[in-house]
Amino acid sequence: MFKKILIANRGEIAVRVIRACREMGITSVAVFSEADRKALHVRLADEAYLLGGASPAESYLHIDKIISITKRCGAEALHPGYGFLAENSEFVRRCEEENIVFIGPPSLPMEIMGRKTASRVKMKGAGVPIIPGTLQPIDDEKTLVKEAEKIKLPILLKAVSGGGGKGLRLVRKSEELVSSFRLARSEAKSSFDDPSVYLEKYIEEPHHIEIQILADHYGHVVYLGERECSIQRRYQKVLEETPSPFLDDDARHEMGRIAVRAASAVNYRNAGTVEFIVDKNRKFYFLEMNTRLQVEHPVTEMVTGIDLVKWQMKIASGMPLVLQQEEITPRGHSIQCRIYAEDPDNDFMPSPGKITHLRTPSGGIGVRYDNGTYEGYEVPLEYDPLLSKLVTWGETREEAIQRMLRALSEYQVYGIKTTIPFFIRILHHPQFLSGNYNTHFIEALEKEKDGKETGEEVVALITAGIKTYMENKSRSTSRGSRKISNWKFQGRLENLSRRL
Amino acid sequence: MFKKILIANRGEIAVRVIRACREMGITSVAVFSEADRKALHVRLADEAYLLGGASPAESYLHIDKIISITKRCGAEALHPGYGFLAENSEFVRRCEEENIVFIGPPSLPMEIMGRKTASRVKMKGAGVPIIPGTLQPIDDEKTLVKEAEKIKLPILLKAVSGGGGKGLRLVRKSEELVSSFRLARSEAKSSFDDPSVYLEKYIEEPHHIEIQILADHYGHVVYLGERECSIQRRYQKVLEETPSPFLDDDARHEMGRIAVRAASAVNYRNAGTVEFIVDKNRKFYFLEMNTRLQVEHPVTEMVTGIDLVKWQMKIASGMPLVLQQEEITPRGHSIQCRIYAEDPDNDFMPSPGKITHLRTPSGGIGVRYDNGTYEGYEVPLEYDPLLSKLVTWGETREEAIQRMLRALSEYQVYGIKTTIPFFIRILHHPQFLSGNYNTHFIEALEKEKDGKETGEEVVALITAGIKTYMENKSRSTSRGSRKISNWKFQGRLENLSRRL
Amino acid sequence: MNLSFWLNNREYKLSIKEKQKNDILVDLSGKTYEVAVEVLNSDEILLIIDGKIYNAIICASNLSFRVYVNGQSFDIEKKSISQILGGMHNQRQKRDVKTSMPGKIVTVFIAEGENVEEGQAVLILEAMKMQNEIRSPQKGKVTKIIPKAGDSVETGALLFSME
Amino acid sequence: MNLSFWLNNREYKLSIKEKQKNDILVDLSGKTYEVAVEVLNSDEILLIIDGKIYNAIICASNLSFRVYVNGQSFDIEKKSISQILGGMHNQRQKRDVKTSMPGKIVTVFIAEGENVEEGQAVLILEAMKMQNEIRSPQKGKVTKIIPKAGDSVETGALLFSME
């Protein structure tokens with residue numbers, strides 16, 4: 001096993017990896033940007049080195065600096081977390097050249113899976129079902145029209161190098177086809193420096209369900225159940241659960257077997273996730289493979305008891321995956337809420353700033369709190385607004401939901417806005433409770449009116465009143481002369497009020 | 001199910017029960033003493049009522065007040081937690097008379113199990129193995145000598161109404177027998193207002209292992225595995241784990257079956273624990289039954305996934321125990337450390353006072369933190385010094401231990417002393433790691449010398465130096481006139497130092 | 001003690017009387033609440049109102065309070081000079097749109113003097129790796145736009161004014 | 001800047017020099033440490049010494065610091081007037097035993113003037129539902145016992161003196 005690992009990331013995922021290192025007796029090395037000098041991952045690591053300026057380009061995306069620090073501090077391996085350089089095959093190649101063990105897949109499968117058309121070709125060849133559409137990028141408008149007629153509208157235009165909803169266009173009417181194609185190409189060009197776009201049949205009322213896999217150096221691949229990720233906002237997942245309330249056992253095992261086949265087809269290694277689109281008839285199609293740890297990996301850990309980050313390290317160090325498929329027996333139900341520094345009452349605007357008060361939601365059976373913040377911490381403007389992940393486990397889905405609501409009720413973040421109230425709404429919603437929801441759920445939810453509660457308003461007013469009363473009282477009994485000016489000011493104010 | 005429950009307790013166990021209520025949609029009612037106005041259980045409950053003065057007699061032991069508040073606030077049921085009135089059969093009888101559902105056993109089995117000689121008679125009759133010794137209290141010294149000769153030294157003299165090591169005497173030499181008998185009787189009289197004492201054979205190198213059971217209104221009883229509780233200090237448990245590294249599967253199932261028989265013999269109901277003494281040859285004997293929730297119940301919850309407090313409420317409300325014995329399949333390993341406000345470097349002196357800084361050990365898979373405190377909280381002098389329980393789970397015992405060490409390293413309580421450093425010592429000890437330890441472990445550990453580390457000393461000195469430097473610097477750049485006197489004082493000090 | 005507060009553009013009148021230590025009667029909009037009060041620290045108060053428990057955090061500035069209750073925040077203004085004096089000429093429908101977060105201006109869609117619909121995007125502000133459309137709060141004319149594309153803005157900075 | 005501190009009855013000399021902002025050289029007992037410093041808040045400092053990270057909490061009083069590092073606490077005294085002046089007559093083997101916690105005296109075993117062994121129980125103090133034996137720190141004569149059975153004592157109160 002490694003003696004020292006560098007974590008090329010920040011926030012909750014860096015903290016997650018540092019904790020796994022500590023449990024394995026591995027020295028953890030953090031790197032940080034100027035904006036992250038006081039960050040939690042720096043506080044918890046064994047060692048820490050400054051990367052550079054606050055912008056990702058100067059720090060967490062700066063390949064040369066990261067490689068150089070890794071070599072200088074004597075780390076044998078590097079964990080990329082998710083985001084930043086985690087799926088950058090160029091970076092992986094550099095690690096390979098410099099003899100640094102990259103805790104993730106080799107560069108080749110990463111490259112194949114990183115290009116959508118290449119992975120579609122590969123998957124089709126391996127017998128993995130793919131969404132009807134083109135296998136190659138479309139360059140001219142004539143081919144576009146021809147192919148669109150072949151697979152029939154509605155269709156999706158997708159950037160070959162895309163992700164996160166950028167360079168994505170849904171076309172329902174044929175007269176929008178060409179203009180959407182031009183827009184998708186220009187967005188793809190500006191976002192990924194690659195204008196290539198291809199066509200896919202649009203699946204109505206889609207479910208987004210993914211399979212976690214683990215693969216070792218010796219060709220042994222297992223799947224660890226699915227995660228239901230259909231609760232999305234602007235193509236970003238916000239809440240995940242396992243098992244999916246939409247699948248039956250036959251479907252989940254079939255998807256698991258296909259996911260293993262997909263990974264084997266590209267000689268995949270380490271932890272990875274095969275994402276599927278599932279239509280309303282439970283027919284499923286390969287969507288893409290995430291060649292890294294997922295943000296939502298904790299729900300799988302909660303039901304299987306298997307620590308995925310530790311397995312990432314064991315596999316990277318060359319240990320065989322001793323887990324057998326039949327030994328992996330998920331138990332109960334788990335849900336994860338991604339707590340973002342965003343204002344759900346104001347169109348999910350980011351809300352950076354200082355966390356003045358923090359009540360964390362720990363305590364009791366089945367509550368997990370993976371955090372990247374602390375009281376007094378200033379949430380920086382430069383990075384993803386994910387503050388923490390709150391995960392619960394229950395014997396049943398209902399218990400996991402009730403536990404999440406309980407934990408959310410104890411979780412209070414003051415000073416900035418968070419998505420906590422938004423999750424409380426989701427978890428009370430009849431359609432979510434029914435378990436039958438698809439990727440359109442949040443869109444529909446946002447259109448519903450929100451009946452404003454007023455009980456807390458009354459309490460807030462009473463609090464302000466009592467605070468004023470008590471300060472007044474302590475002022476009139478205190479002998480300090482410094483207080484007098486405030487007192488006078490208050491007097492003048494009250495005089496003014498009376499006059500009006 | 002109940003709509004409203006009153007929790008007649010304080011500290012972490014009251015918080016534990018409040019959280020279960022919230023998850024079940026039950027309104028929770030806290031009661032509190034004058035010393036607990038700011039306590040966490042008051043902050044988290046839905047409703048709260050003052051009991052009275054700080055002393056237990058005026059508050060948490062005051063039966064009339066508690067009954068009256070329960071009726072006034074409309075709670076249908078009452079949860080006693082552990083300690084205080086939890087095993088007071090007089091209190092249970094009062095609840096029964098007043099039509100308040102007591103969440104625990106009926107008064108009769110509680111009474112039988114509360115008197116050691118009565119329970120020994122009952123258990124012997126039911127075919128539960130008991131420790132060789134007398135079945136009746138011994139009143140005169142002649143009988144004492146005769147009985148001691150019969151079962152042979154070493155023997156234990158035990159108070160019939162005893163508990164917590166009081167009124168307990170080990171006799172190894174016959175010349176100490178009579179004087180020990182007198183001491184034990186006088187201690188029993190002053191501690192329990194009952195001088196009765198009986199004899200038991202002393203088991204050498206004993207293990208203390210207990211079985212958790214659940215029993216419903218309809219005679220259905222199941223066992224939920226064992227807890228190894230041999231890590232004790234002055235007859236008080238400090239660390240518990242499950243499964244016991246000392247037992248094999250045959251022994252644990254046999255003990256489970258006997259525990260069910262013990263509970264059935266007294267028509268037990270609700271959650272309970274049958275404690276056994278296990279000798280070095282794995283022969284086991286009934287020790288006593290705890291007719292309530294145990295402090296260490298979380299380790300059982302962690303491996304079974306079953307929420308014991310919720311089952312307590314379901315059973316009390318008359319629901320049948322749908323759990324079948326073969327469905328209860330413990331997974332992995334769990335350990336609990338009881339974090340006390342005590343100074344392990346000073347003979348475990350209690351250390352009440354204000355928690356000035358608190359870093360809680362949450363985060364990651366398999367860490368549970370059941371707390372009764374918060375930053376800024378003043379730990380009162382009047383009650384048990386248990387601050388919190390830190391519980392970890394792992395796929396293996398080794399993983400649970402490593403995870404506990406990781407969590408303890410993140411758990412920092414400043415302002416008062418705690419037993420955290422003591423647990424770090426235990427968890428590094430070869431004998432603990434081997435899993436083969438008995439109730440003498442801590443005694444032996446305390447005799448070992450502790451090599452003081454010095455790395456932190458250097459850091460502390462550097463911190464003090466830098467703090468002084470920075471304050472000095474900010475003083476010399478600040479323009480405020482108020483600072484000058486300090487500055488002068490410092491100057492005078494430095495002059496003085498130079499002169500010497 | 002009689003007080004007057006503003007919350008969400010509505011005025012509330014409170015009357016406060018101390019029955020005994022830790023026990024306060026509050027009259028609010030004609031209803032009387034008996035409140036047991038426990039001060040946890042300088043900015044945190046535990047209230048028990050009719051047996052129900054509330055943890056409130058309160059931060060005071062000269063003219064207003066920010067109160068946090070059950071995860072929600074409320075900005076309560078004292079009946080202040082600015083409100084009293086400013087009450088008159090705030091009637092005109094002039095409206096300033098400020099930013100609630102620091103960030104970088106990516107695009108400005110509207111020119112000064114243009115008319116916009118309610119909800120129409122006026123500019124895009126990038127923060128935390130996300131592009132956020134800042135929309136017009138009302139139908140009207142954009143009289144002034146302060147930043148231009150590429151500018152960085154701090155929290156509270158004026159973005160544009162409308163009439 | 002040169003400083004002198006006392007910790008566990010040992011004197012330490014420090015020399016402190018600022019290389020640049022957040023980067024400080026500390027000389028301690030002949031060894032030089034390069035320390036990157038991050039002030040988290042008024043009483044918490046993050047130190048990176050040779051790459052290794054330490055979170056330190058430091059509370060200062062006039063004459064001493066209490067520093068918390070990795071769950072351990074250290075009381076560090078500045079070279080103070082009391083130490084300088086008191087250094088001389090602290091030599092005599094007189095010793096006062098004070099209580100580190102408030103509580104109630106249950107029993108006093110020893111009478112004034114009696115001789116005791118090191119570790120012998122002098123009295124029992126009850127606190128937090130536990131009876132705690134307060135033992136003699138050394139062999140010698142108990143010259144004075146302040147509280148009697150039934151008395152309540154506060155933290156820091158003198159229990160008995162020895163010679």
Side-chain angles (χ1 to χ4, degrees), chain A residues 56 83 234 236 340-343 346-353 356-357 359 379-386 408-409 411-418 420-421 424 453 455-473 486 489-490 492-494 496-497 499-500, chain C residues 1 3-5 7-8 12 14-18 24 26 28-29 31 33 35 37 39 43-45 47 49 52 54-60 62 64-74 76 78-81 84-85 87 99-104 125 127-130 132-135 155:
Chain A
R234 298 185 188 166
Q236 297 284 353
Y340 285 108
E342 291 177 351
D343 183 357
N346 186 15
D347 206 18
F348 294 88
M349 281 284 187
S351 179
T356 57
H357 298 81
R359 304 281 170 270
V379 180
L381 172 66
E382 286 81 5
Y383 314 108
D384 183 273
L386 184 64
L408 286 169
S409 79
Y411 191 8
Q412 300 183 352
V413 184
Y414 297 126
I416 60 173
K417 303 279 188 175
T418 75
I420 293 172
I424 294 175
E453 279 159 294
E456 277 79 11
E457 248 177 52
V458 168
V459 175
L461 286 162
I462 290 177
T463 306
I466 288 175
K467 177 84 171 173
T468 311
Y469 174 81
M470 297 217 288
E471 283 192 345
N472 206 343
K473 194 175 145 189
N486 283 336
F489 182 67
Q490 178 75 16
R492 258 183 283 147
L493 271 178
E494 281 173 4
L496 251 169
S497 325
R499 257 192 284 157
L500 285 163
Chain C
M1 183 184 205
L3 292 167
S4 174
F5 292 138
L7 173 59
N8 297 330
Y12 294 88
L14 285 87
S15 143
I16 296 177
K17 214 169 76 186
E18 191 162 8
I24 292 178
V26 179
L28 170 62
S29 312
K31 219 180 138 186
Y33 300 87
V35 187
V37 179
V39 178
D43 53 6
E44 193 166 6
I45 303 178
L47 307 171
I49 306 176
K52 300 260 180 322
Y54 301 90
N55 290 268
I57 292 176
I58 180 160
C59 312
N62 260 349
S64 69
F65 295 104
R66 172 160 288 179
V67 188
Y68 300 111
V69 183
N70 286 349
Q72 294 180 47
S73 78
F74 300 92
I76 295 176
K78 307 176 191 179
K79 194 167 183 107
S80 69
I81 291 177
I84 295 158
L85 301 184
T99 169
S100 58
M101 58 181 170
K104 205 170 192 165
L125 176 69
M128 299 180 116
K129 302 287 100 193
M130 282 168 69
N132 307 283
E133 290 185 338
I134 309 293
R135 294 156 207 257
T155 303

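Reminder, nothing fancy here: chain letters follow the sequence lines and each chain counts from 1. This is a predicted model, so every value here is computed, not measured.
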So which of A:Lys417, A:Glu342, A:Met470, A:Lys467 has the largest heavy-atom pair count under 4.5 angstrom toward chain C?
-> A:Lys467

Contact winner vs chain C - A:Ala464, A:Ala341, A:Gly465, heavy-atom pairs under 4.5 Å = A:Ala464

So how far is it from C:Ile24 CD1 to A:Ile462 CD1, rounded to the nearest 0.5 Å?
-> 10.5 Å

Chain A contacts, top residue of C:Ile49, C:Asp43, C:Leu125 (heavy-atom pairs, under 4.5 Å) = C:Asp43

Interchain contact, A:Thr463 with chain C, by part (heavy-atom threshold 4.5 Å) = both

A:Pro56 portion near chain C, given a 4.5 angstrom heavy-atom threshold | side chain

So, does A:Ser351 use its side chain to make a donor-acceptor pair with the main chain of A:Ile416 at under 3.5 Å?
-> no

Structural part of C:Tyr68 lying under 4.5 Å from a heavy atom of chain A | both

Given a strict heavy-atom distance threshold of 4.5 Å, which part of A:Leu461 is in contact with chain C: side chain, backbone, both, or neither?
-> both

Between A:Tyr383 and chain C, which part of the residue has a heavy atom less than 4.5 Å away: side chain, backbone, both or neither?
-> backbone

Output for pair (C:Ser29 OG, C:Leu14 CG), nearest 0.5 Å, gives 7.5 Å

Could you walk me through whether A:Asp347 and C:Arg135 pass the side-chain contact (heavy atoms from CB on, under 4.5 Å) test, one step at a time?
-> CA-CA 10 Å; A:Asp347 206 18; C:Arg135 294 156 207 257; 3.4 Å; yes

Rounded to the nearest 0.5 Å, the CD1 atom of A:Ile466 sits from the CG atom of A:Asn472 at a distance of 13.5 Å

Between A:Asp343 and chain C, which part of the residue has a heavy atom less than 4.5 Å away: side chain, backbone, both or neither?
-> neither

Go through the atoms of C:Glu44 and report whether side chain, backbone, both or neither lie under 4.5 Å from a heavy atom of chain A.
-> side chain

Report the C-alpha distance between C:Leu3 and C:Lys78 in whole Å, list the side-chain angles of each, state the deciding distance to 0.1 Å, and finish with yes or no for side-chain contact (heavy atoms from CB on, under 4.5 Å).
-> CA-CA 8 Å; C:Leu3 292 167; C:Lys78 307 176 191 179; over 6 Å; no

Residue among C:Leu47, C:Val39, C:Ile45 with most heavy-atom pairs under 4.5 Å to chain A | C:Leu47

So CZ of C:Phe65 and OG of C:Ser73: to nearest 0.5 Å the spacing works out to 15.0 Å

Proximity breakdown for C:Val67 and chain A, heavy-atom pairs closer than 4.5 Å = side chain

